[in-house]
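Reading through the structure tokens given below for one structure.
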Amino acid sequence: MECNLEPADRTLRMTAGVFLVLAGLLLLILCYLGLFETWWYIVASALALGGIGAVLSAAAGKCMLRKAIGI
């Protein structure tokens, strides 16, 4: 499997992914405590899943969207 991300891109994607996962988990905890309305679970889950995808993409060194966008 060939790495198609530069080292700086991998670092940026990993950092952003970690922050997205942490923000999603914090929002999930706040929703669980009842500080936000129920529909915020959707936002929190999307943040966490996007962060997990970014971290996995950086760890593999592959851009998951390259084939989808035709690059």
Side-chain angles (χ1 to χ4, degrees):
M1 189 161 77
E2 183 182 326
C3 177
N4 64 7
L5 290 176
E6 299 293 326
D9 297 334
R10 291 179 78 176
T11 303
L12 177 65
R13 196 168 292 203
M14 183 69 76
T15 304
V18 168
F19 281 118
L20 284 174
V21 169
L22 291 176
L25 290 177
L26 177 66
L27 195 53
L28 280 171
I29 291 169
L30 293 176
C31 288
Y32 179 75
L33 293 175
L35 299 175
F36 290 106
E37 295 179 14
T38 307
W39 65 272
W40 278 93
Y41 278 114
I42 298 169
V43 175
S45 300
L47 281 173
L49 288 176
I52 290 170
V55 168
L56 291 177
S57 172
K62 300 287 279 180
C63 182
M64 295 185 284
L65 298 177
R66 287 214 178 197
K67 287 186 180 180
I69 59 177
I71 296 176

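No experiment lies behind these values; they were computed from the predicted model shown. Values below: all heavy atoms of this structure, side chains included; hydrogens, waters and symmetry mates excluded.
To the nearest 0.5 Å, the span separating OH on Tyr41 from CG on Leu30 amounts to 10.0 Å. Atoms CG and CG, on Leu47 and Leu22 in that order, are 11.0 Å from each other to the nearest 0.5 Å.
In this structure, Gly17 and Ala54 approach most closely via the heavy-atom pair CA-CB, 3.8 Å. Summarising the geometry of Trp40 relative to Cys31, their closest heavy-atom pair is CB-SG, 3.4 Å, with the distance given to 0.1 Å. A pairwise comparison of heavy atoms in Ala58 and Met14 identifies CB-N, 3.8 Å as the closest pair.
A distance-only check finds no donor-acceptor pair linking the side chain of Arg13 to the backbone of Val55 [under 3.5 Å].
Placement of Leu20 and Val18 in two distinct hydrophobic clusters is found when ILVMFWY residues are connected by side-chain heavy-atom separations under 4.5 Å, directly or transitively. Taking hydrophobic clusters as Ile, Leu, Val, Met, Phe, Trp and Tyr residues chained together by side-chain heavy-atom distances below 4.5 Å, Leu35 shares a cluster with Leu26. Clustering ILVMFWY residues whenever any of their side-chain heavy atoms sit less than 4.5 angstrom apart, transitively, puts Val21 in a cluster other than the one holding Leu49.
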**OP:** Tell me, with the steps shown, if Phe19 and Thr15 meet side-chain contact (heavy atoms from CB on, under 4.5 Å).
**Re:** CA-CA 6 Å; Phe19 281 118; Thr15 304; 3.6 Å; yes
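In this structure the side chain of Leu28 reaches within 4.5 angstrom of the side chain of Ser45, judged on heavy atoms.
Counting non-hydrogen atoms of other residues, nucleotides and ligands closer than 6.0 Å to CG of Leu33 gives a total above 12.
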